[in-house]
Amino acid sequence: MLTRAESGAKGRVDWALVFAASSLALIGTLAVFSAASPLASYASILRTHFMALALGALLFLLGMNFNYQIFQDQAKAVYFVALALLAIVLVAGSAHRGHRAWLHMGFFTFQPAELARVVMILVLAAFLDARARKMRDLSTILYTMALAAPVMVLILKQPDFSTALTFLPIMLGMLFCGGADIAHLLAFVGYGLTTIAMPLVYTFVRFHSAELKTEAAARFVMRTSHFGAATASVLLAAAALCLIAWRLSVLLRLRLRAAYFAAIPVVLSAGVLSGIFVNGQMKGYQRDRFVAYVAPQADIQGAAYHVHQSQIAIGSGGPWGKGLFNGTQSQLGFLPERHTDFIFSVVGEEMGFLGTMAILCLYLLLIWRIVAIAKLARDRYGFLVCVGLATMFAFELTLNVGMCLGLMPVAGIPLPLISYGGSSLVITLWSLGIVANVYSRRYALL
Amino acid sequence: MIRDHSALQGRLRFLWTLIWLSGVVLGLRLFQLQILQSSRYKLAAERNRSQIIPQAAPRGRIYDRNGVLLATSVPAFTLIYIPGKRRDNVDLRPLARELARELKQDPRGLYAKLQQAVRQETAVRLAENLPRATMFRLSELKSIYPGIDLIVEARRYYPFGRFASHLIGYLGRIDPRSWERLRGKGYRPDSRIGRLGLEGVFENELRGRDGGIRLEVDARGRIKRILERIDWRAGDDLHLTIDASIQKVADEALRNSKTGRGAVVAIDPRTGDILALSSQPDFDPNALLSPDPRVVIKQVRDLPEFDYAISGNYPPGSTFKPIVAAAGLNEGLIDPDESVYCPGYFDLGHRRFLCWQHSGHHEISFLMGLAQSCDVYFYKMGLKMGAGVIERYEREFHLGRKTGVILAGESGGRLSGPAARAESGRAWYDGDTLNLAIGQGSLLVTPLQMALVAATLANHGVIWRPHCIKRIVYADGRPDYVQSPEKVGFVQLKDSTWSLLWRAMGLVVTDGTAHQAQIPGLEVRGKTGTAQNPRGEDHAWFIAFANRPGRPPSVAVAVLVMNGGHASGVAVPIARQVIAAAFGEGRTP
């Protein structure tokens with residue numbers, strides 16, 4: 001006779017996950033209620049929000065009762081549907097504030113990029129599961145990137161830099177937990193971080209050159225931002241240092257592999273070069289965000305304004321908050337994007353430390369459940385899907401809340417379940433439905 | 001299947017550790033912002049949403065001696081601009097253009113003001129005292145351009161307009177230098193401040209304490225609601241000694257005189273109360289508060305600020321003769337019955353000094369000498385008594401020194417005589433004595449001083465300090481300040497001297513140069529004068545005092561019509577109207 005647990009009668013539903021998700025959606029609904037109230041489009045925002053909530057709940061139930069393995073079987077079809085939608089939006093989508101991201105579907109609009117994020121996780125999981133034997137090969141990482149590249153390029157075309165950016169940590173998380181070679185991943189992470197660090201360094205040096213003790217050094221650093229003798233000499237010096245380090249290690253009989261000493265300068269050089277390239281390619285508003293991050297005092301009325309107002313909103317909320325509809329920062333329009341990207345600040349102002357800690361704890365609970373379900377998953381595919389989703393939620397939480405708190409640069413990433421946005425809410429609830437399904441099918445018996 | 005894969009489980013654990021660690025970092029940051037630094041951010045949020053708009057308090061009212069309102073405050077609409085905090089980079093130029101059309105101001109100036117408001121993040125006043133029609137059109141703009149709003153303020157209003165302008169003064173914008181000095185007292189760069197006259201002298205009493213409204217504004221500068229009203233405190237009220245009906249007559253008579261330039265001062269000889277103080281040309285203080293800046297600019301450029309009544313220096317001419325006569329009679333140096341022959345001129349050495357009546361007065365003695373203002377008679381008497389005696393009596397009558405009236409810019413005139421001349425190190429000649437005897441030469445007086453001389457003659461020698469404030473009613477409940485008469489001097493003359501002087505000055509009106517000053521039922525005494533003016537037409541003088549028969553004189557007047565020529569036709573009728581008004585004839589309601 002089967003035990004109750006084994007029969008699944010008790011364990012069909014992960015109530016902690018459902019509790020975390022519905023509590024977050026409830027807080028989000030309250031926040032949208034309050035934050036959007038001064039807007040002219042209040043009524044339509046509320047209508048959209050409740051419709052999305054209903055549709056999302058439906059999709060959650062659907063996802064929970066729908067065998068997730070179908071996505072593994074039909075990975076190719078799912079992948080091409082997502083690509084097709086992203087291509088269509090570039091042609092037929094409607095532009096809003098310079099982003100061509102919305103698709104009109106009869107009586108509602110839809111953001112394919114939101115769907116693409118979850119689809120990418122489903123597709124990558126299928127791919128990595130298929131390559132289980134060759135996980136440690138470098139080729140796996142390269143294929144993964146090749147798979148993600150078309151989707152990312154299409155999203156970058158919209159252009160939506162921030163959403164495209166979220167693919168990188170998702171890929172990293174899935175590759176890492178899927179068993180890819182740590183050294184390879186470190187090389188890519190090193191490359192990526194160097195690429196991002198270069199514009200930050202340049203911006204920092206430019207705005208802090210007065211405080212830096214050696215002005216000549218600052219000038220030299222700035223000169224490297226144009227490809228030339230200065231850049232080449234820096235790279236050569238780095239290579240020479242690595243060579244010396246390798247010879248030293250040989251002399252000292254440290255038995256370290258020569259490949260490491262070769263890889264480090266290669267990765268760093270590639271990172272520096274592409275960083276310099278990115279630095280040259282940055283758009284004005286993106287540069288402003290970097291400036292706001294590394295030197296907020298440089299222009300408090302400019303790019304740093306949003307972050308500054310957000311911190312005022314959160315800080316002024318105090319322990320208990322000012323009460324719903326009573327936040328001056330949000331209701332009077334000092335807080336920008338208050339019902340979307342900066343909604344966490346509205347919660348901070350109106351619900352106080354209590355509200356923000358509730359969101360943080362519920363989110364950690366939600367991610368913890370996804371991680372736990374990943375461990376319980378009956379197959380590698382389910383495991384990888386959960387890892388991908390957990391990484392996605394964790395990254396979006398950190399980036400969005402970090403931005404509101406002034407810890408991260410400004411990026412247009414919503415806080416799932418809290419921020420207003422129909423597509424995001426629906427897709428997020430659906431993805432949680434898939435997680436719930438992984439949980440309900442955790443026993444191979446079923 | 002996965003459960004067996006311990007290596008992957010380890011990696012997942014590592015990922016989870018990273019995730020909850022970043023959660024802890026976020027939590028610590030939240031604790032820092034919302035618990036530790038909360039008060040700092042609360043303040044910043046408060047500063048964001050509230051704007052204080054100062055509201056000028058109603059200035060103290062100014063009344064005349066009978067309670068007629070001379071200056072008050074009425075509610076008026078002020079247009080303000082509250083800059084938004086959003087960095088929308090709003091183009092202010094269309095707003096500036098639109099407002100310039102409504103307000104008839106220079107769009108560039110408005111644009112500069114708007115930009116300054118944005119830079120400093122403070123509200124600015126764009127226009128004050130808006131008329132109702134403009135106001136309605138501006139309220140329409142409110143819905144198009146955020147940040148534009150109208151508030152009610154107290155505006156100074158002078159019911160009589162052109163009326164005792166120099167005495168009452170006007171309100172002007174504070175200039176940057178004065179603001180630096182006064183900012184500690186609650187003045188703002190756009191404050192108005194009393195200028196000239198009593199508005200200037202009693203600025204501290206009249207201004208009261210400004211109030212304000214603390215408004216909740218949104219990020220675009222739209223007013224959401226009023227958070228708090230900071231009550232103003234009205235200024236203290238001044239009650240003047242001025243009689244509006246007399247003042248009005250004085251202003252109008254002088255304005256309608258031959259040249260329309262000059263001064264009239266009327267004093268109550270029993271107390272020193274100034275009943276009227278007029279200087280022409282005057283101005284309309286209301287026009288200086290006009291919402292149309294072009295009107296204000298024009299007014300300020302042509303503002304006749306100079307107060308001839310207290311600051312103008314002129315030779316007294318023959319109005320000085322009563323003092324010469326008083327000196328001679330009282331010292332026993334003039335025998336009133338001694339007659340002198342006037343051929344119309346007087347020769348001193350090679351120089352010939354003319355009488356104003358070129359045909360001469362023939363045989364003439366003291367009474368008619370003064371009544372007809374015979375210059376030759378006074379030349380001879382002057383030489384006989386000597387300039388030193390005359391100079392002593394100048395000092396007795398407080399010439400050459402300020403009367404001490406509370407108004408700013410008073411001049412003390414200039415003494416003339418051997419002693420005064422010696423101080424400047426130059427010699428005194430007999431020719432100077434002749435000039436002094438008829439009030440010409442280096443002797444200079446103000447119309448206020450001459451009015452005081454008239455008052456002193458009227459009350460047999462008591463010199464009161466001239467006052468224009470009767471009472472100050474403090475707004476904060478302190479007991480009123482009540483001005484009592486201040487005796488500052490006494491001219492001791494023999495009774496016979498007084499009666500001769502009065503008789504002679506009475507003859508001036510009844511049989512002499514000022515017959516136009518006769519008023520039935522009143523006894524008017526006076527003396528005309530013509531101040532020689534090397535730069536143009538002579539100035540016409542007349543001093544007088546009047547009483548009902550059997551009563552002491554209750555009004556003393558000095559009239560100066562600049563470039564008016566001979567006194568009789570010009571200055572005397574003005575004095576007549578003023579005296580008539582003082583006795584209640586033709587009083588304005």
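Sequence lines set the chain letters: A, B, ... in the order given, protein chains first and strands last, and positions in each chain run from 1. The shown structure was predicted, so the numbers you read here are calculated from the model rather than taken from an experiment.
The distance from the CH2 atom of B:W16 to the CD1 atom of A:I367 is 6.5 Å, given to the nearest 0.5 Å. The CD atom of B:Q34 sits 8.5 Å away from atom OG of A:S316, with the distance rounded to the nearest 0.5 Å. For the atom pair A:L364 CG and B:S22 OG, the distance stands at 7.5 Å (nearest 0.5 Å). Taken to the nearest 0.5 Å, the CZ atom of B:R49 stands 13.5 Å off from the CD1 atom of A:I312. Interatomic distance, CD1 of A:I314 versus CD of B:Q32, reported as 11.5 Å (0.5 Å rounding). Note that the CZ atom of A:F176 and the CG atom of B:L18 stand 7.5 Å from one another [nearest 0.5 Å].
Of all the listed residues (A:C361, A:G318, A:G348, A:A394), the one sharing the greatest number of non-hydrogen pairs under 4.5 Å with chain B is A:G318. Counting heavy-atom pairs closer than 4.5 Å to chain A, the top residue among B:I35, B:L26, B:V25 is B:L26. Interface summary for chain A: among B:E46, B:R40, B:K42, the most heavy-atom pairs under 4.5 angstrom belong to B:K42.
The shortest heavy-atom contact between A:G333 and B:A219 is O-CB, 3.1 Å.
B:R29 contributes no side-chain N or O that, together with a main-chain N or O of A:V401, makes up a donor-acceptor pair within less than 3.5 Å. Panel note: side chain B:Q37, backbone A:G315; no donor-acceptor pair is recorded below 3.5 Å.
B:L15 has its side chain out of reach of A:V371: every pair of non-hydrogen atoms, C-beta onward, lies at least 4.5 Å apart.
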